Colleague: 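There's a structure below that I have some questions on.
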Number of protein chains: 2
Amino acid sequence: MNEQLQPLKKPARPGKAGRSGTQDDIVYAHIFEAILEQRLAPGTKLSEEALGEIFGVSRTIIRRALSRLAHESVVLLRPNRGAVVASPTVEEARQVFFSRRMVERAITELAVQHATHEQLNELRQMVQEERDSFSRGDRGAGIRLSGEFHLKLAEAAGNAPLVSFQRSLVSQTSLIIAQYESGNRSHCSYDEHMQLIDAIEARDAQQAVSLMMHHMDHIDSKLNLDEESASDDLHAVFSHLLKKPKASAKG
Amino acid sequence: MNEQLQPLKKPARPGKAGRSGTQDDIVYAHIFEAILEQRLAPGTKLSEEALGEIFGVSRTIIRRALSRLAHESVVLLRPNRGAVVASPTVEEARQVFFSRRMVERAITELAVQHATHEQLNELRQMVQEERDSFSRGDRGAGIRLSGEFHLKLAEAAGNAPLVSFQRSLVSQTSLIIAQYESGNRSHCSYDEHMQLIDAIEARDAQQAVSLMMHHMDHIDSKLNLDEESASDDLHAVFSHLLKKPKASAKG
DNA sequence: GATTATGCTTTTGTGTACAAAGAATGCAAA
DNA sequence: TTTGCATTCTTTGTACACAAAAGCATAATC
């Protein structure tokens, strides 16, 4: 019960926090990671006090982190009833994918125009990390890194509102993949990511957009949204009743 | 300086006033309105304690409202230095407009497919209100209602992520208009709004999108982003130095 | 035996106190 | 007069305490 984590002064893996180390961001990043890597299942309740004890901070900090996650639709904040990990329905997943196609097309076109060689090299590095994760068999990290690639690409496009929207969409997509993708079909998105970078660097807008759209198709086709939608939808809807609380400290 | 506002005390009972009535939302809405209607100028500092006293609530509530506004990029939250009303630069304005064209196109296409007659009637009512505001000479309310029209249209499109993004874009657009539109050119967006509704109701996607794009062009052309960009940009950049604090209770 | 009522516990919502980081002001020296 | 420094003062950041609401279990009644 008293397995409290290190006092957060030094995050175990500092590389993940988007910004440098305010407690706020660290807690946010850790919960975010845990959700995307499926260490926290959809529907799991996120108690403020429990999280506060785990991270060694007060509920104030936890609350802000949860609020931020809620704004990205990664957790659901129910008034007077606390926060739970979101369980996107099939319909919600479809809406997210619709928006993503729209945004990714725009981002790709802008990236062809604006991305610098330096940015493209950073993207290549990220793809390398992504590949490493998959060859390590670390599926959770792979999903997360794949998402971070798309976010970085948005940054290279140089449109701030788009980046912000993409952040939310990528988060939700990761959650959807974690929930709906059949585990054995390996993701393999890194190959497509690499081709995409090449097309962008060649400033071939048509080819880049085409690759991106196919990439979206592939992600889509790996999900069980179409065939098994009925059963999976039910599972998602009632997952909060099933109560599989994988509280991080307890295992 | 004890000019405390009454309105918030109105729900003398701190009980449940439904979903719209939490103190939180009220404070958020009031500040939001004040900003969009230009009663709070860009760059104005938003002190937590002062606002708390004005609205008769603790800093906790104010802080949450500011955080929410910050997420919509309507206020800027500077660490350890408090919140100020955002002053979008010309470049930021351009980026917002780029995103809006993209989103509005998608929303229009979806609305043609999904909007119900009831929704379209509600939209017509909103346009009526908008027209009334302008004929009353209430420019601030007009800007706000015009924004709310576009938000309602997004809801009629039936895509949740898009609605969320649109909310942020509309807020920023209102701020941009408030800052960059020359005052004498009346907005007159309600006519175009009405035509748009008609095209949507006729399920004429091509016509609706065309009208929407022209509408965007018109909004764009009324701003001083192109010609006077240099001077206005400088003004925007340094507006926080000029300090025109129109504290809401006094003005 | 089932169902509803009621108090008990747990968890969230809000206010407030205290600590820390900036900003402002005044003073001294060049 | 101006510039640099130090002190003071204001404002934000965090923790904590208390209040209110929801959930849970028990018990009583039909």
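Quick caveat: nothing in here was measured; it's all calculated off a predicted structure. Within every chain, numbering begins at 1; the chains are lettered A, B, ... in the order of the sequence lines, protein sequences first and strands thereafter. All heavy atoms count here, side chains included; hydrogens, waters and symmetry mates do not.
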Colleague: Hey, which sits more toward the 5' end of DNA chain D by its nearest nucleotide, A:Pro79 or B:Gly82?
Modeller: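 Per heavy-atom nearest nucleotide, the more 5' residue is B:Gly82.
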Colleague: A:Lys45 side chain N/O closer than 4.0 Å to the phosphate oxygens (OP1, OP2) of C:dT10?
Modeller: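 For C:dT10, OP1/OP2 do not have a side-chain N/O of A:Lys45 under 4.0 Å.
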Colleague: Identify the two heavy atoms, one from B:His114 and one from B:Ala156, that lie closest to each other, and give their separation to 0.1 Å.
Modeller: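 Looks like CB-O, 4.0 Å.
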Colleague: Nearest heavy-atom pair of A:Gly158 and B:Gln95: which atoms, and what distance?
Modeller: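 Looking at all heavy atoms of both residues, the closest pair is O-NE2, 3.0 Å.
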Colleague: Atom CZ of A:Arg63 to atom P of D:dC16: distance rounded to whole Å?
Modeller: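 Going from CZ in A:Arg63 over to P in D:dC16 covers 16 Å.
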Colleague: Can you tell me the distance, in whole Å, between the CD1 atom of A:Ile62 and the C1' atom of C:dT12?
Modeller: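 Atom CD1 in A:Ile62 sits about 14 Å away from atom C1' in C:dT12.
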Colleague: How many angstroms lie between atom CG of A:Asp25 and atom NE2 of A:His30, to the nearest 0.5 angstrom?
Modeller: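 So the gap between those two atoms works out to 11.0 Å.
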Colleague: In whole angstroms, how far is the P atom of D:dT10 from the CG atom of B:Asn80?
Modeller: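 Rounded to whole Å, this separation is 18 Å.
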Colleague: Between P on C:dT12 and CG on A:Leu77, what's the gap in Å once rounded to a whole number?
Modeller: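 Rounded to the whole Å, the gap is 10 Å.
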Colleague: How many whole angstroms separate atom CZ of B:Arg59 from atom P of C:dG13?
Modeller: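 Interatomic distance, CZ of B:Arg59 to P of C:dG13: 19 Å.
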Colleague: Round to the nearest Å and state the distance from A:Arg64 atom CZ to C:dT12 atom C1'.
Modeller: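 Rounded to the whole Å, the gap is 17 Å.
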Colleague: Without decimals, in angstroms, what is the distance between B:Arg78 CZ and C:dA21 P?
Modeller: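 From B:Arg78 CZ to C:dA21 P: 18 Å.
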Colleague: Between P on C:dT10 and CD on A:Glu49, what's the gap in Å once rounded to a whole number?
Modeller: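 Spelled out: CD on A:Glu49 to P on C:dT10 is 10 Å.
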Colleague: If you assign each of A:Thr60 and B:Ser47 to its closest nucleotide in DNA chain D, which residue comes earlier from the 5' end?
Modeller: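 The residue mapped nearer the 5' terminus is B:Ser47.
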Colleague: Donor-acceptor pair, distance only, cut-off 3.5 Å: does the side chain of A:Glu72 make one with the backbone of A:Leu69?
Modeller: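 No, the answer is negative, given that no donor and acceptor are paired below the 3.5 Å cut-off.
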